[in-house]
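FYI, side chains are in, hydrogens and waters are out, and symmetry mates aren't considered; it's all heavy atoms of this structure. So you know, we letter chains A, B, ... as the sequences are listed, proteins then strands, and number each from 1.
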Amino acid sequence: MNDAPRIAAVDLTKRFKEKLAVDSVSFTVGRGEFFGFLGPNGAGKTTTIKMLCGLMKPTSGQVLVAGRDVAADPLGVKARIGILPDTIETFDRLTGWELVVFSGLMHGVAEEEAERRAGRLLDLVDLEPADRARLVIDYSLGMRKKAALACALIHGPEVLFLDEPFNGIDAISTQVIQKVLQGLTAKGLTIFYTSHVLEVVEKLCTRIAVIHEGRLRGIGTVAELGAQAGLGPAAALDDVFVTLVGRTVSQGGDLDWVGSPPPSPS
Amino acid sequence: MIRHLRLLAYLRWKYLLRAGGRSRRIGAGVSLVVSLAIAAGLYFYSSATLGLLFEKQPPGMSWELVHLAFAVIYFFWLYSGSFNDLYDPARLASFPVAPRTLFLGSTLASFIGMASIFGGALLAGFAVGVPGDPFERVVRALLFVLLIAHLQMTARLIRLTFLAVLTSRRWRDAAVLISTLIGGGMYVATQLFRTESGVEAVAAVKRFAESGGPSAWLAWCPGVWLSWAYQLDGARSAAGFGAFALVTALIHRAGGWAEERLAFSEPIFQHRPKRDAGSARVPFLKGISRAVLRGVGPAAAAVTRKELAIFFRDPVVRHRVLSSVFYILVPFVMLFVVRSGGAKSEALAVGGFILLFVEMFFLTNIFGFEGAAVRNLLWFPASRRHLFLGKNLAYFALFAPFNAVVLVVLAAATGVPERIPAGLASHFSALLVVFGLGNVTSVYFPMPFLAPGQRVSRRDESGCLMMLARSLLYLLTFALLSPVLAVSLLVQGKPVAILVAFAGLAYAGALYAIGLKISERALLRREEALGDYFRAA
C-alpha cells in the first residue's frame with residue numbers, strides 16, 4: 001500500500017479546440033517524494049496541475065491521486081490533497097485565523113481540532129497573533145501565502161500541490177517553511193512543486209519533470225535529467241532546463257541603445 | 001451536506017457584517033436602517049394596495065392584478081439579482097463540496113441579507129393585504145418563501161450559465177453602458193408616468209386585468225404559476241403549485257450540473273475574445289499627438305496620446321459620457337418645453353454652463369483615470385508641467401470641438417447667430433479657468449473614478465472633508481469666472497462684446513498659467529501623498 005504511487009498520470013491529454021495544451025503526459029510520484037514540475041510559461045504546467053487536482057477534466061487519459069481516480073471521485077481526491085495556487089483568490093473578509101479554521105471545517109475537521117491545528121500551523125508559518133486577527137484583505141502577498149499554506153495543510157493531506165509557494169515570502173520564513181515541508185515529506189507527505197526559481201527546485205526536489213509545449217521532455221533526478229539532455233550528470237539544472245526545452249539564451253547584444261547616455265527629459 | 005450548508009451561511013454572515021471593512025460599521029448600520037425603512041415602505045405599500053384592491057374591486061380582477069404583480073416581481077428580481085462572488089465556483093473548487101450542495105447553499109445563504117429584508121417585507125405585505133384566515137396566510141407566506149428561493153436559484157443558474165461571458169472584459173464594459181441606458185430609460189419612463197400618457201397607461205393595465213389578460217398572456221411565467229397557487233382556489237392552484245415545484249426542482253438539478261461544469265473549469269458558454277477595436281483609432285490619436293509633439297515635446301505628446309486612448313476605451317468614462325448626454329440634452333429640451341422667447345434665448349447660456357458642469361468631472365480630477373497607476377506616471381522623469389499640459393491638451397482636443405458645435409447649434413436654433421463669436425470666446429475663457437483650477441484640484445483633492453456599483457475601499461474618514469474642499473474650489477472657480485460672465489452679460493449684443501470676450505480670453509489664459517504653475521509646484525511636493533491616496537482608494 002505504501003509503495004503505491006501517490007500521483008499517477010497515464011497518457012494525460014488536454015485539448016482546447018485547436019491547441020493541444022497537454023499531450024500524452026505520463027509519470028508517477030511516490031509517497032514522501034518532493035517532486036518538481038518545471039516548464040516555461042505556457043508549457044502546460046497549470047493545465048496539468050488542474051487535472052491532477054480535479055479542477056479540470058482531461059480530454060483523455062487517467063489520473064490517480066492518493067489511490068483514487070480523479071475523474072470518478074473528484075471530491076474524494078479533494079479531501080486528500082492540499083492546494084496552494086500561484087494566485088490566491090480566497091475569502092478575504094475573514095481574518096487569517098477564521099480562514100484557516102474555516103478551511104479545516106470545510107474539509108471535515110472537528111471544530112476544536114481545527115482550532116488547535118490552525119494555531120499550530122500559523123505559529124509554524126510565523127504569522128503573528130496580531131496579524132491573525134486582521135482581515136486577509138489587509139495582508140501582504142507573503143502573509144496571504146502563509147495563510148493559504150496553513151489552509152492547505154490543516155486537514156492533513158496526503159498530497160500537497162504547491163505553485164510558487166515562496167513568492168513574496170521573506171527569506172527567513174522561506175527557510176523555515178522549506179525545512180518544515182522537507183520534514184513533512186519524511187513523514188510520508190507527497191509534494192508536487194512548481195516554481196521558476198530553479199535553485200530552490202534543485203535544492204528541495206528529489207525528482208523533477210520538465211514539460212514544454214505540452215509534452216514531457218525529461219524526468220528524473222538532476223543528474224538523470226543532465227544525462228537525458230546530453231550534458232552529463234554533473235550539469236547544473238538551469239543549463240539542463242534550457243537544453244531540454246530547446247531554447248537559446250540571448251545575451252541582449254542587439255539592444256544597441258543600452259549603455260549609451262539616456263535622452264535628457266523634457 | 002448540512003455542515004457545508006452551515007459553513008456557507010457562516011461565510012455569508014461574516015461578509016455581511018464586514019461589508020466595506022471593520023471601520024465602516026457605522027456605515028453598515030446606516031445602510032441597514034435605510035434598508036429597513038425601504039422594507040417598511042414596501043410592506044405598507046403592498047399591504048395597503050392589496051387591501052384596497054380586494055376591498056374596492058371584484059375578486060376576479062384583484063387576483064388578475066396579483067398575477068401581474070407576481071410576474072413583475074419575478075422578472076424584476078431576475079434582472080436585479082446580482083451574482084454572489086462569495087460563492088464563485090473557482091473560489092470553492094478546492095474544497096470537497098458537492099456541486100449541488102454549493103448551489104443549494106448559495107441559495108439559502110442569500111436569505112442572509114437584502115433578499116430576506118425586502119423579500120420578507122413583500123411577503124408580509126402580501127400575506128396581510130390579501131384576505132384570508134390565519135391558516136391561509138401561513139400557507140401563502142410559505143409559498144412566498146418558496147418564490148424567493150426559486151428566484152435566487154434561477155438568478156444563480158443564469159449567471160453560472162453565462163459566467164465566462166459575463167466575467168469577460170468586453171461584457172463588463174458593455175454592462176456599464178447597458179446599466180446607464182436602462183437607468184436613463186427608467187428615468188424617462190417615470191417622467192412619462194407623471195403625464196397624461198402615464199394615466200392612460202394605468203387605465204390600460206386595468207383593462208388588461210379586467211379582461212383576464214395576466215392569466216391568459218402570462219400563463220407561461222413561473223411567477224404566475226405560483227400566484228395561482230397563492231389564490232388557494234382548488235384545481236388551478238394545485239396545478240400551479242405542481243408546475244412551479246417541478247420547475248424549481250429542475251432548476252436545482254440544472255444548477256448542480258452547472259456548478260460541476262464550472263468546478264472543472266468548463267464554462268457553459270465560452271467568451272470568444274475579438275481583436276481590440278481600439279486599434280482602429282490609432283491614426284486619430286497619432287494625428288493629435290503629432291501636433292502636440294511639435295508644440296510641447298515628446299513627454300506631453302505621450303501623455304496626450306495615453307489620455308485619449310483611455311478616454312475611448314475605459315468603461316467608466318463611457319458611463320460618465322453617456323450619463324452626461326442626459327444633461328447636455330437639457331438646453332435642447334428647453335427649446336421645445338419653454339414657451340417664452342426670452343427664456344428660449346437663455347438656452348445658449350444654460351448650454352454653456354451645463355457643458356462646463358459636465359466636463360468639470362474630468363477636468364478637476366485629472367489623475368482619477370490613473371488611480372493607483374499614478375505612481376507609474378510620476379516615476380517618469382518628465383517635467384510635471386508637461387504632464388499637466390499633455391492631459392489638458394487631450395481634454396481640450398476632446399471637449400473644445402464638441403462644445404463649439406453644441407453652442408453654435410444652440411445659437412442657430414434660438415435665432416441668435418450674432419452671439420456666436422462672443423459666446424464661444426466667453427465659453428472658452430471659462431473652460432480655460434476650469435482647466436487651470438482643475439489642475440490644482442486634481443493635486444490637492446483627488447478622487448478615484450468609480451464604475452457604477454463600485455465602492456471606495458479606503459478606510460479613513462477624510463472623504464467628507466475632501467468633498468467640502470472640492471466644493472469650495474468649485475465656488476472659487478465660479479468666483480473667478482464671474483467677472484468674465486458679468487461683463488459678457490452687460491455688453492451682450494453690443495459691438496463691444498467681441499472685444500470684451502477676447503479680453504476675457506486673455507484674463508482666463510493668465511489664470512490658467514497661474515494655475516499651471518501652482519499645480520506643478522504642488523505636484524512636486526505631493527507626489528507621494530497622491531500615490532498613497534490612490535493606492536488606498
Side-chain angles (χ1 to χ4, degrees), chain A residues 14 16-17 46-47 50-51 53-59 68 70-71 73-85 87-95 98-99 101-111 114 133-138 148 151-152 155 157 161 262-266, chain B residues 3-4 6-8 10-23 85-102 105 260-267 270 272 293 296-303 380-387 389-390 457 459 536:
Chain A
K14 184 69 187 180
F16 297 106
K17 294 196 176 135
T46 305
T47 306
K50 278 187 166 183
M51 289 190 285
C53 296
L55 301 176
M56 185 179 277
K57 280 183 179 163
T59 307
R68 285 162 189 262
V70 176
D73 184 14
L75 295 187
V77 169
K78 285 176 186 176
R80 286 163 181 78
I81 62 173
I83 307 169
L84 175 60
T87 50
I88 300 167
E89 278 189 46
T90 191
F91 304 106
D92 49 18
R93 297 273 170 191
L94 297 184
T95 65
E98 287 170 345
L99 180 66
V101 173
F102 172 78
S103 189
L105 295 174
M106 288 291 278
H107 279 92
V109 181
E111 190 158 355
R134 285 169 59 201
L135 299 186
V136 175
I137 196 170
D138 296 327
C151 290
H155 54 292
F161 290 90
S264 60
S266 55
Chain B
R3 180 194 185 89
H4 284 143
R6 193 168 57 83
L7 285 166
L8 291 171
Y10 160 84
L11 260 185
R12 172 79 177 165
W13 175 243
K14 283 285 178 189
Y15 266 62
L16 191 70
L17 287 181
R18 292 169 184 172
R22 278 181 165 176
S23 61
D85 286 332
L86 193 56
Y87 303 118
D88 181 349
R91 285 204 205 187
L92 286 155
S94 63
F95 295 112
V97 186
R100 251 184 253 169
T101 306
L102 176 56
E260 189 170 357
R261 292 256 327 206
L262 292 164
F264 280 116
S265 317
E266 288 175 0
Q270 185 74 54
R272 288 182 193 165
L293 181 65
V296 284
V303 172
F380 292 112
S383 124
R384 274 35 193 160
R385 168 175 290 253
H386 285 153
L387 295 186
L389 278 173
S457 64
R459 307 229 171 137

(request) Drop me the distance from A:His107's NE2 to B:Leu7's CG, to the nearest 0.5 angstrom. (result) 11.5 Å
(request) Check the angle between the aromatic planes of B:Phe95 and A:Phe91 and answer parallel, tilted or perpendicular using the 30° and 60° thresholds. (result) parallel
(message) Quick check for you: among A:Gly108, A:Pro262, A:Cys151, A:Ala152, which has the greatest number of heavy-atom pairs under 4.5 Å with chain B?
(response) A:Gly108
(message) Tell me if the NZ atom of A:Lys14 is crowded by more than 12 foreign heavy atoms within 6.0 Å.
(response) yes
(request) Check whether any side-chain heavy atom of B:Arg6 lies under 4.5 Å from a side-chain heavy atom of A:Leu105, and answer yes or no. (result) no
(request) Could you tell me which portion of A:Pro85 (side chain, backbone, both or neither) has an atom closer than 4.5 angstrom to a non-hydrogen atom of chain B? (result) neither
(message) Please determine whether the number of non-hydrogen atoms from other residues, nucleotides or ligands lying under 6.0 Å from atom CZ of A:Phe16 exceeds 12.
(response) yes
(request) Measure the spacing between NZ of B:Lys14 and CG of A:Leu99 and express it to the nearest 0.5 Å. (result) 12.5 Å
(message) In terms of relative ring orientation, are B:Tyr10 and A:Phe102 parallel, tilted or perpendicular, with 30° and 60° separating the classes?
(response) parallel
(request) Of all the heavy-atom pairs spanning A:Thr90 and B:Arg91, show the shortest one and how long it is. (result) O-NH1, 3.1 Å
(message) Using a 4.5 angstrom heavy-atom cutoff, name the option from A:Met56, A:Arg80, A:Lys57 with the most pairs to chain B.
(response) A:Lys57
(request) Check for a donor-acceptor pair, side chain of B:Tyr15 on one end and backbone N or O of A:Leu94 on the other, with a separation under 3.5 Å. (result) no
(request) Report the distance from atom CD of B:Glu260 to atom CG of A:Leu75, rounding to the nearest 0.5 Å. (result) 8.5 Å
(message) Which heavy atom of B:Ser94 sits nearest to which heavy atom of A:Leu55, and what is that distance?
(response) N-CD2, 4.3 Å
